[in-house]
Structures are given as C-alpha cells and as structure tokens.
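First listed ligand is number 1; within each ligand, the first listed atom is number 1.
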Amino acid sequence: MRRLFATLLVYSCPNDPKALWQNFESSMSEDFAKCSAMTSTQVKRNVLQQIDGFLQSMGKSIHSYNLIPIGFSYENIDNETRELRAERNIVISEIDLNSIQLLNEKQKKAFVVISERIYSDRPDVFFIDGPGGTGKTFLYRALLADVRSKGYLALATATSGIAASILPGGRTAHSRFKIPIDIFDGATCRVSKQTSLAAMIKEAKLIIWDEAPMAKKAAIEALDDLLRDLMNSEEIFGGKVVVLGGDFRQTLPVVRKGTKAEMINACLINSPLWHKLEKLQLIENMRAKLDPLFTQFLLRIGDGTQETNENDIVKLPSSIIVNYNNETDAIEKLINIVYPEFKDPSNKLYCSQNRAILTTKNNFVDEINDQLIKKFPGDLTEYLSYDETLNENHQSEYIDLLNTLTPSNLPPHRLLLKSNAPIILLRNLDPAEGLCNGTRLIIKSLSKNVICAKIAVGDFCGKEVFIHRISLQPPSDEQYPVPYKRTQFPIRLCFAMTINKAQGQTLDFVGIYLKEPVFSHGQLYVAL
Ligand SMILES: Nc1ncnc2c1ncn2[C@@H]1O[C@H](COP(=O)(O)OP(=O)(O)OP(=O)(O)O)[C@@H](O)[C@H]1O
C-alpha cells in the first residue's frame with residue numbers, strides 16, 4: 001500500500017497529497033502499529049521513510065510533497081546509504097552458489113578468467129559473447145554469487161528492466177549509474193564524487209552489464225568516463241573489473257526514426273572501447289540442447305548465413321510451419337495451437353501465462369489481443385483513458401483524435417480486460433520488486449481504480465501487486481499533431497506481443513504470426 005501511495009504521488013500528481021496521506025496514514029501504518037515495541041512517533045517515521053525510499057527509487061523525494069508535519073523530527077536515511085544496505089543484504093541463493101559446479105567448459109573458462117582478475121586486482125574488461133540460451137545469465141549469477149559470498153560488492157545491471165529483473169539485485173544500468181535516458185555522444189552520468197552512491201560504485205569488485213549490444217555506445221562510454229573519474233584513473237573503466245555481455249544477433253539499440261547506418265553507428269562495436277574488451281565466447285546452447293539441428297539453423301539465422309531465395313527470403317523448416325488456406329484461417333489455426341484451452345473450456349486456462357503469439361507490428365498485436373480477450377471466458381471490464389493536450393486550450397479541438405492514437409509505448413485508450421487474462425507492464429514501476437517495463441502478470445481482480453495482478457514469471461513469480469492509472473506521454477520524437485498525455489493503467493494484454501517486446505522474455509510455447517516479413521534477420525532470430 002505504501003508503494004501504491006508513492007507511485008500515485010509520482011505518476012498521478014494528486015491535487016492534495018497531504019489530504020491523501022492524512023486519509024490513509026492509519027491503513028499504511030497498520031503493520032508497524034502492530035509492533036508493540038514502537039511508539040506512534042516511530043511508526044510514523046518508519047512509514048514516511050519507506051514511502052521516501054519508494055519515491056527516491058523513482059527519482060523523487062518526500063520533501064516535495066509536504067507530508068511531514070511541521071516540527072516532526074524526520075531523520076531520513078540517505079537513499080544511497082539505503083541502496084548500499086540493500087546491496088549488502090542481497091540474499092545469495094544456494095542454487096546460484098552450487099551452479100559454479102555445473103558450469104560447462106566455456107562458462108567455466110570465463111568464470112575462472114574473470115575471477116582471477118577480480119581477486120588478483122589485475123583488472124580487465126570482458127565481453128561475454130553468446131547466442132541466446134548459451135548460459136550468459138547462468139554465468140553472471142554464478143559470478144555474482146561467488147563475489148557476494150566472499151563479502152564483496154558486485155553490481156548487477158542490464159540494459160532493459162526485464163533482463164535486470166532476472167539478476168539478483170539487478171537494476172537497469174541507466175538507473176544504477178544515473179545515465180541520462182536521452183543519451184547522446186559525450187553525455188555524462190549524474191553521479192557526484194562526494195555521494196555514497198559514488199562510494200558504493202568505487203567499492204564494487206565486479207560490475208556486470210547484460211544486454212550491452214542493446215545499449216547505445218554513448219551510454220557505455222558514459223560509464224567508462226564515470227569510473228575513470230571516480231577512481232582517478234586513466235585505465236579503461238577506471239581499472240574496475242567490468243563484464244559486458246549479450247548477443248549482437250538480437251535487436252540493436254533503438255535510434256528512433258534513425259537510418260540503418262545510424263543504428264549501426266550507435267552500437268558498442270563502433271566504440272573505441274570495443275577493441276579493448278577481452279572477448280569470451282559461450283557456444284553451447286543449453287536451452288535447445290536436445291535439438292542440435294534446430295540450434296544450428298537458429299545460429300545461421302542469427303548470423304545471416306541461412307540460404308535465401310532470389311527475393312532475400314529464408315525458408316523455414318516445414319516442421320515449424322502451420323499450413324493454412326487463407327488469412328482468417330491462418331490466425332484461427334495459430335490461436336488454436338498456442339491457446340488450445342480456448343477451444344476446450346474444461347482445459348486449464350492458467351497455462352496461458354507462459355505462452356504468447358509473437359508478431360512484427362503493434363497493430364497486428366492489437367488485432368490478436370482483441371480477438372482473444374473476447375474468446376477468453378469471464379466478464380469484460382472496460383477502462384477508457386483520459387487523454388489531455390498539454391496546452392489546455394487545444395483540448396476540445398483534439399480530444400476525439402487523441403483517443404484514436406496508438407503510440408507504441410502507451411496503453412490503448414480503450415482497455416478491455418478480464419480476470420485471469422495475461423497482461424504486460426509498460427513502465428518500470430519498481431524494478432527492485434520485479435515491476436519492470438516488460439513484466440508479465442496475470443489479472444486477479446479488476447476494480448474501478450485499481451487492478452490486482454500476480455507476477456507471472458521470474459524471481460518475483462506469484463507476488464500480488466496493485467496497479468493504478470498513471471499519466472503517460474508518447475515518446476517525444478514520435479510525431480503527433482499536438483503534445484498530449486494519457487491517464488490509463490500502464491498495461492496491455494499480452495496474449496500476443498511484438499517480437500521486440502519478447503526479447504529477454506522466457507516463454508514455454510510461442511507461435512509466430514508473420515503477416516508480413518520480419519524487418520531483419522535479428523528479429524526473426526529473437527522470435528525463433
Ligand atoms: N551449465 C549449465 N547447466 C545447467 N543448465 C544451464 C547451464 N547453463 C545454462 N543453463 C540453463 O539453460 C537455459 C538458458 O540459459 P541462460 O538463460 O543463462 O542463457 P542466456 O544466454 O542468458 O539466454 P538469453 O540470451 O536468451 O537470455 C536456462 O534454463 C539455464 O538455467
């Protein structure tokens with residue numbers, strides 16, 4: 001409830017935060033108040049400190065909301081000290097520690113080389129290059145467990161929230177190192193030398209950045225500059241052991257409206273840092289171990305070496321193709337294969353959580369989700385967004401148009417939902433607690449102002465969370481007739497999703513709907 005209150009303050013900008021606080025203070029204090037050892041002042045202080053912690057993780061502070069009564073002594077623990085404490089308190093799982101014994105030959109080699117540099121204080125910077133499923137995450141988890149079990153700090157980061165959420169203590173690199181989101185060449189991280197965040201980064205024995213190929217080179221160069229500055233060293237990454245990793249066959253950094261050349265230029269591979277990284281390769285596909293022929297085919301797709309016809313089109317193996325007569329028949333058949341329980345209502349519905357239909361464009365995703373939510377059993381609940389122009393003088397002129405717009409990173413104006421349906425989160429609400437852009441959840445209940453949902457996968461699987469409406473804006477570089485914001489639940493249905501959104505997801509069963517050819521072989525590779 002305290003987290004819900006903090007996200008309401010940040011994303012819904014209530015007119016009178018103090019009144020809201022006074023109304024709900026006792027409900028938000030219930031658990032602390034039950035502890036008889038605490039005085040009412042201590043209860044209030046604890047509640048305020050926790051709310052402040054949530055606010056700070058979203059870049060805000062409790063002092064902006066006028067919640068603390070005048071004269072009330074509120075000693076806030078510096079948020080960064082809190083972060084350091086959180087780092088030190090990360091639970092090291094037995095499974096991760098034991099996984100060191102299970103590493104395959106290449107993973108073991110990488111583990112030994114990196115560990116040797118960490119503990120001998122002869123720093124180096126690595127790039128773990130491995131196609132999807134070759135056990136990069138497995139290796140990172142083993143390294144993190146090993147370093148942390150020896151009492152050292154190890155910082156786990158990734159480019160996307162969803163990849164960060166599968167690393168223990170994982171955070172997005174942007175939030176951990178305060179790298180500007182709208183990064184450009186020469187931009188710097190917003191960490192000043194005197195803060196305890198700087199002290200924590202300096203103390204770290206190991207820094208991991210997963211999905212580095214998806215980040216712009218400017219972001220990784222900003223980390224290099226930050227570490228040189230903090231460590232007062234001209235060595236690469238300030239002489240820290242840094243492990244970057246990922247798979248260049250998957251999708252590359254997004255340069256909105258950029259040309260192919262601009263996208264390639266933004267890649268880590270075109271940074272002066274690239275040649276200085278020690279490359280370690282993982283090759284054995286641990287995910288598709290039982291199907292070596294498919295694994296080889298997948299690698300040829302990723303490397304762009306699979307044979308194509310005269311129109312540059314690859315032929316997929318007939319064993320994975322669904323035969324159909326026409327377009328309507330095609331999508332019907334695919335739906336029946338991916339979601340067989342829709343045909344047989346006695347079948348368990350809940351298995352839909354680890355299944356998805358992947359396709360290339362948002363409008364195909366919407367078409368499929370619309371069809372499936374109607375077939376899904378249960379009562380429909382409709383939530384309409386409130387769309388408003390930033391300049392209120394334009395509101396009446398544009399309101400109807402705004403409702404029809406479907407920007408890629410915004411929920412739809414008309415959200416049709418049912419209990420037990422799968423949804424995907426569209427914002428990083430609380431990555432430390434598993435609520436990232438890309439987290440999949442199953443709806444438990446739908447109320448007028450709050451949706452209760454259960455996280456469907458990952459370390460936080462099964463956790464129940466409350467989601468409320470927030471104000472969202474389309475990306476500033478997407479062209480719309482007028483600047484506007486949409487107040488809506490930050491979710492979409494996810495019976496179907498785009499291939500790009502699926503990158504980094506773990507799905508048990510996938511149907512791929514290719515109404516049009518994919519944009520690149522990297523996109524087909526991610527889907528397959
Ligand atoms: N040495 C190993 N022993 C047993 N299982 C392993 C080993 N290495 C990896 N795995 C398993 O193989 C699967 C794929 O591994 P992992 O997710 O680490 O790959 P990845 O390279 O990070 O993939 P992606 O790039 O798609 O995220 C996981 O289920 C993981 O637990």
Using a strict threshold of under 4.0 Å (side-chain N to carboxylate O), is an ion pair present between [Y] and [X]?
{"X": "Arg88", "Y": "Glu203", "result": "yes"}
{"X": "Glu87", "Y": "Arg176", "result": "yes"}
{"X": "Glu235", "Y": "Arg228", "result": "no"}
{"X": "Arg117", "Y": "Glu278", "result": "yes"}
{"X": "Lys444", "Y": "Glu464", "result": "no"}

Run the numbers for me: atoms of ligand 1, each under 4.0 Å from some heavy atom of [X], listed by number.
{"X": "Thr134", "answer": "19 (O), 21 (O)"}
{"X": "Leu102", "answer": "1 (N), 2 (C), 3 (N)"}
{"X": "Asn104", "answer": "1 (N)"}

Side-chain donor-acceptor contact under 3.5 Å, Tyr525 with Asp303: no
Main-chain N/O of Pro412 paired to Gln488 side chain as donor or acceptor, under 3.5 Å: yes
Residue and atom name of the nearest protein heavy atom (relative to [atom]), distance in Å to one decimal:
{"atom": "atom 12 (O) of ligand 1", "result": "Met286 CB, 3.4 Å"}
{"atom": "atom 5 (N) of ligand 1", "result": "Phe138 CE1, 3.9 Å"}
{"atom": "atom 23 (O) of ligand 1", "result": "Gly133 N, 2.9 Å"}
{"atom": "atom 8 (N) of ligand 1", "result": "Gln107 NE2, 3.1 Å"}
{"atom": "atom 21 (O) of ligand 1", "result": "Lys136 NZ, 2.8 Å"}
{"atom": "atom 22 (O) of ligand 1", "result": "Thr137 OG1, 2.6 Å"}
{"atom": "atom 26 (O) of ligand 1", "result": "Arg287 NH1, 3.0 Å"}

Gly135 N/O under 3.5 Å from ligand 1 N/O: yes
Heavy-atom gap Gly130 to ligand 1 smaller than 4.0 Å: no
Any Asp247 heavy atom less than 4.0 Å from ligand 1: no
Aromatic plane relationship, Phe127 with Trp274 - under 30° parallel, 30 to 60° tilted, over 60° perpendicular: perpendicular
Protein contact for atom 29 (O) of ligand 1 (heavy atom, distance under 4.0 Å): no
Phe509 six-ring centre to Arg355 NZ/CZ under 6.0 Å and within 45° of normal: yes
